[in-house]
Amino acid sequence: MSTVYLNGNYIPMNEARISPMDRGFLFGDGIYEVVPSYDGQLVGLAPHLKRMQDGLDAIGIELRVDYDHWREIALQLIARNGSGNLGLYFHVSRGADTKRNHAYPDDLAPTIFAFAYEIPSAPVADKNATTPFSVITAKDLRWQRCNIKSTSLLGNVMHYQQSHTGGHNETILYNDRDEITEASSCNVYVIKNGIVATPLLDEQKLPGITRDTLLEILRRDGSIAIEERVVTLAELNDADEVWLSSSSRDIVPVIAIDEKPVADGNIGDVWLVAQTLYATHKFDF
Ligand code: PLP
């Protein structure tokens, strides 16, 4: 994983340099995406690039995201770093200024960086071959515009670390009204009596590409009922199954929350159906 893309050039990772005056470094002023690729096959490139364009527009970085251009970067990184299971990380920051000022000038050239890193293989839809998660919950202390996939991730980092320190895999977050928002790097699903409920999208959650894709696949299949609505902490703690989703993990079953088992503490049957469907159809988007 040694060749990266920086501002138009493919170079060894240890030669990549950006200015300390880059607003990405000083302010976390940028947008990122992670696109999964399995043996050279990309998952959801178009929706990832659309979210990147939405984020750039929302924070006022004037860059038109060109599908073919980013696809070429993705394919080059795969060709130069070896295929397998890769996360392709795309990062656009507002660029390097000559001074540190919260207000930004109009004429900065964005810094564009991309690299590939290994991700775990996607879970096979087999209960015996899947490593489930145990997680904790925490009051969501991140900023109020979590729908933007901003590189200002300190709140997410702190929440993730909270679970990691206690030997867990993720932190599921809730707001002032004890409503589930998302996890520090995943979207959340609560399953009760065969119905999959996931929090309705708003500014407190990232519109996950995996979430969107999964819901579309489940709707097309029709065998599992879905509800997008407010999901409470009480419902999370009374669930038959809980899942998380993200691009580099697919759909992950959670078997413990705050040291207590989810239902009987085993991976659930609805997850098996959902992950089977997701694994079959995820390359269609
Ligand atoms: N929520 C947060 C806060 C995330 O950081 C991520 C992924 O990084 C997700 C949800 C899942 O989004 P996606 O499915 O697009 O990877």
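Starting from 1, each residue takes its place in the sequence as its number. Just the heavy atoms: all of them, side chains too, but no hydrogens, waters or symmetry mates, feed the values below. Note that ligands are numbered from 1 as they come in the structure, with each ligand's atoms numbered from 1 the same way.
- The shortest separation from a heavy atom of N187 to ligand 1 is under 4.0 Å, placing the residue in contact.
- One distance of note links CZ of R94 with OG1 of T151; it measures 10.0 Å at 0.5 Å rounding.
- Looking at L206 against ligand 1, only its side chain comes within 4.0 Å, counting heavy atoms.
- Of all atoms in ligand 1, numbered sequentially from 1 with element shown, those under 4.0 Å from a heavy atom of S247 are 13 (P), 14 (O), 15 (O), 16 (O).
- Summarising the local packing, NE2 of H69 is surrounded by more than 12 heavy atoms from other residues, nucleotides or ligands at distances under 6.0 Å.
- Shown in contact with G208 at under 4.0 Å from a heavy atom are these atoms of ligand 1, numbered in order with element: 12 (O), 13 (P), 14 (O), 15 (O).
- Here S184 has backbone heavy atoms under 4.0 Å from ligand 1, and that is the only part of it that gets that close.
- A tilted orientation is assigned to the rings of F115 and Y117, their planes being inclined by 30° to 60°.
- Under a 4.0 Å heavy-atom criterion, H159 is not in contact with ligand 1.
- Near K149, with a cut-off below 4.0 Å to any heavy atom, the atoms of ligand 1 are 7 (C), 8 (O).
- Between K205 and ligand 1 there is no heavy-atom distance shorter than 4.0 Å.
- Heavy-atom proximity to S245, at under 4.0 Å, picks out these atoms of ligand 1: 11 (C).
- The option with the heavy atom closest to atom 2 (C) of ligand 1, from among E182, R249, R211, H48, is E182.
- Between H102 and F27, the ring-plane angle classifies as perpendicular under the 30° and 60° cut-offs.
- Ligand 1 places these atoms under 4.0 Å from at least one heavy atom of N156: 3 (C).
- Look at E33 and you'll find every heavy atom at least 4.0 Å from all atoms of ligand 1.
- Contact annotation: the side chain of E33 approaches that of R51 to within less than 4.5 Å [non-hydrogen atoms, C-beta and beyond].
- Counting heavy atoms from C-beta outward, S163 and F133 have side chains that stay 4.5 Å or more apart.
- When side chains are defined from C-beta on, R249 does not count as touching P120, because their heavy atoms never get closer than 4.5 Å.
- Atoms of ligand 1 lying under 4.0 Å from at least one heavy atom of R142, given by number and element, are 3 (C).
- Residue S248 does not touch ligand 1, judged by heavy-atom distances below 4.0 Å.
- Of the candidates A183, G44, S185, S246, it is S185 that places a heavy atom closest to atom 6 (C) of ligand 1.
- Protein heavy atom in closest approach to atom 14 (O) of ligand 1: T210 OG1, 2.6 Å.
- Screening C146, P199, S245 for a side-chain contact (heavy atoms from CB on, under 4.5 Å) involving E182 leaves a single residue, C146.
- Below 4.0 Å from some heavy atom of R51 lie the following atoms of ligand 1, by number and element: 12 (O), 15 (O).
- Within 6.0 Å of NZ in K50 there are 12 or fewer heavy atoms belonging to other residues, nucleotides or ligands.
- Here the OG1-CD1 distance, from T130 to I255, works out to 11.0 Å after rounding to the nearest 0.5 Å.
- The aromatic rings of W243 and Y189 are tilted relative to each other, their planes meeting at an angle between 30° and 60°.
- Taking 4.0 Å as the cut-off, Y32 counts as a neighbour of ligand 1 on heavy-atom distance.
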